[in-house]
There are 2 protein chains.
Amino acid sequence: MRNRRPAPRTARASAQGAGNKRARRHTAGGGYARGEHTRQRLLEAGIELFAELGYERASTRAIARHAGVSLPALQYYFGGKEGLHRACAEYIMEDVRSRLGPAAERVRLALERSDLTRAQLLELLRAVVEPFLEGLATDRPESWALFFARVQGEHNAAFEAIFEQIGRRLLATAIEIVSRILGLPAASPEVTIRSVFIVGQLTLVRRARPIMLRTLGWTDFEGERLQTLKEVVWKGITSSLSPGPKASQ
Amino acid sequence: MRNRRPAPRTARASAQGAGNKRARRHTAGGGYARGEHTRQRLLEAGIELFAELGYERASTRAIARHAGVSLPALQYYFGGKEGLHRACAEYIMEDVRSRLGPAAERVRLALERSDLTRAQLLELLRAVVEPFLEGLATDRPESWALFFARVQGEHNAAFEAIFEQIGRRLLATAIEIVSRILGLPAASPEVTIRSVFIVGQLTLVRRARPIMLRTLGWTDFEGERLQTLKEVVWKGITSSLSPGPKASQ
DNA sequence: TTGATTTTCTATCACTTGATACAAATCAGT
DNA sequence: ACTGATTTGTATCAAGTGATAGAAAATCAA
């Protein structure tokens with residue numbers, strides 16, 4: 001509710017799709033590759049600052065300065081702050097999808113068969129869960145996972161629109177597998193809740209990372225320590241899915 | 001970095017403890033009970049708006065308007081926005097402590113004994129975990145749990161200072177119990193990670209609440225549904241702590 | 001009531017934010 | 001080189017932010 005001028009001098013903003021979606025008309029016509037560079041710089045700077053400071057505190061000026069371009073470039077290429085944020089989310093999501101998509105597809109395909117053993121189902125769950133865990137525990141492209149975590153916390157438009165697209169799939173796959181392992185209908189509360197927890201644990205790795213590291217006296221989750229983390233997490237998941245000894249209660 | 005004036009006309013702000021701590025000098029000297037009312041209104045409005053909008057987006061003006069008082073009242077009673085936020089956190093924390101403190105104390109006392117059975121240890125864990133779960137799943141004072149979740153996401157000063165005070169205790173107790181159940185040293189990665197997950201699951205209930213409810217087709221966690229949730233969560237915890245069948249793999 | 005103190009309110013400050021207008025610079029195709 | 005489009009930069013806008021000054025009102029102790 002900040003930039004709603006009562007009477008904009010020109011009608012350009014309102015004539016261009018509410019002023020925030022799709023403002024770049026440069027990639028449409030071919031050529032003019034020069035701008036693509038600054039566009040990229042803006043994306044990277046955006047991801048970094050949004051991740052570090054959150055949506056509100058990351059000012060467009062700081063982002064532009066960080067990218068080494070002028071402020072209006074941001075409006076020009078992304079139509080505004082929200083547009084940039086959205087683009088950042090899509091950029092990350094695209095990368096995540098390209099890295100996790102194949103595995104997910106393979107799992108979904110394998111799930112077609114109805115004669116899978118418990119061990120096989122667990123293996124499929126692991127195949128879809130483990131890359132995620134690695135991506136969130138590690139901080140290789142620190143800002144990416146952080147950006148992810150931010151978007152989750154703030155209820156931006158980017159969340160519902162983008163995160164859902166990948167979170168839902170992951171959850172749906174988890175539900176399918178858990179349902180079959182436990183031998184319960186996919187719609188049953190038990191299956192849903194447990195699946196949400198399994199998927200949620202992954203994001204928890206990111207959120208609780210500093211606390212975990214501090215408590216353990218570690219500095220990161222790399223190499224052997226990452227293996228340990230994965231092992232413990234996985235052991236927890238499998239045993240929580242075991243038909244094993246009735247919980248003492 | 002917004003209100004750092006180069007040369008403040010008066011030195012009051014800097015003469016009053018950096019300007020954000022303890023600005024209310026009304027409760028010190030007795031009497032003048034009139035103000036306590038607006039102070040309370042500001043706290044409630046603060047909790048509500050901070051919870052709904054987050055720290056940044058909740059403007060002092062909106063809070064004051066919501067509380068039905070004028071803007072400077074906020075400065076007067078809490079020294080500023082940050083002071084109010086801190087006060088809100090303390091206010092909630094105080095209530096949480098009063099509701100969970102006794103049980104926690106009882107558990108800590110019971111842990112003195114070293115001859116506790118697995119079942120007894122589990123019971124203690126449950127005693128300290130369950131009230132938390134209820135508080136986060138329910139939305140009686142919707143804003144409270146939401147405020148809690150917000151503070152967790154944004155890295156406000158309130159987080160480190162306040163949340164730690166209660167989160168650390170809970171985590172420490174969980175570690176102690178898990179360590180004894182698993183028969184591993186408290187400092188071992190397995191114990192730490194598993195404990196963090198147990199505690200983290202509780203906050204996850206809040207964060208993933210809308211997703212879980214939507215997936216289940218429920219509207220809230222009340223009555224029987226709350227029972228189901230608690231049951232499933234608890235079953236997951238116990239079986240993840242079971243010495244049971246070695247995880248397949 | 002008086003007088004000191006606490007509490008509230010109006011107006012305003014200094015500053016930041018996101019967004020624009022518009023001219024200058026750059027580029028591609030001829 | 002010329003032309004038309006794209007891209008960048010300067011200066012500026014309007015709105016909104018948290019905070020303050022300072023007078024007016026309300027409150028309590030005497």
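All heavy atoms count here, side chains included; hydrogens, waters and symmetry mates do not. Throughout, protein chains are lettered first and strands after them, A, B, ... in sequence-line order, and every chain is numbered starting at 1.
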Check whether the side chain of Arg61(B) and the base of dG16(D) form a donor-acceptor pair under 3.5 Å. no
In whole angstrom, what separates Glu56(A)'s CD from dG18(D)'s C1'? 15 Å
When we call it a touch if two heavy atoms are under 4.0 Å apart, what does Leu71(A) touch: a base, just sugar-phosphate, or nothing? base
Whole-Å distance between dT17(C) P and Leu53(A) CG? 11 Å
Send over the distance from Glu36(B) CD to dT6(C) P, rounded to a whole Å. 14 Å
Picking from dA19(D), dA21(C), dT7(C), which would you name as closest to the side chain of Pro72(A)? dA21(C)
Can you name the closest pair of heavy atoms from Ile63(B) and Leu74(B) and give their distance? CG2-CD1, 4.2 Å
Length of the CG-P vector between Leu42(B) and dT7(C), whole Å: 13 Å
Separation of dT20(D) C1' from Phe78(B) CZ (nearest whole Å): 18 Å
Are a donor atom and an acceptor atom from the side chains of Gln40(B) and Tyr77(B) found within less than 3.5 Å of each other? no
Got a sec: does the CZ of Arg57(B) have more than 12 other heavy atoms crowding it under 6.0 Å? no
Kindly determine whether Leu146(A) and Glu52(A) satisfy side-chain contact (heavy atoms from CB on, under 4.5 Å), including the steps that lead there. CA-CA 7 Å; Leu146(A) 242 174; Glu52(A) 184 182 350; 5.9 Å; no
Under 4.0 Å, counting only non-hydrogen atoms across every strand here, what does Ala58(B) touch: a base, just sugar-phosphate, or nothing? sugar-phosphate
For Arg41(A) and Glu44(A), what are the C-alpha separation, side-chain angles and deciding distance, and is it a salt bridge (charged side-chain N to carboxylate O under 4.0 Å, His left out)? CA-CA 5 Å; Arg41(A) 300 265 307 164; Glu44(A) 288 163 15; 5.3 Å; no
Quick check for you: among dG18(D), dT10(C), dG18(C), whose closest atom lies nearest to any side-chain atom of Ser59(B)? dG18(D)
Distance, rounded to the nearest Å, where Leu74(B) contributes CG and dA19(D) contributes P: 8 Å
Contact under 4.0 Å: Thr60(B) side-chain N or O vs dT17(D) OP1/OP2: no
Quick one: is Tyr76(A) getting a side-chain N or O under 4.0 Å of the dG9(D) phosphate, OP1 or OP2? no
Below 4.0 Å: OP1/OP2 of dT8(D) and any side-chain N or O of Thr38(A): yes
N or O in side chain of Gln75(B) less than 4.0 angstrom from dA19(D) OP1/OP2: yes
Rounded to the nearest angstrom, tell me the gap between atom CG in Leu49(A) and atom P in dG18(C). 11 Å
Distance in angstrom units between Arg41(A) CZ and dT8(D) C1', rounded: 15 Å
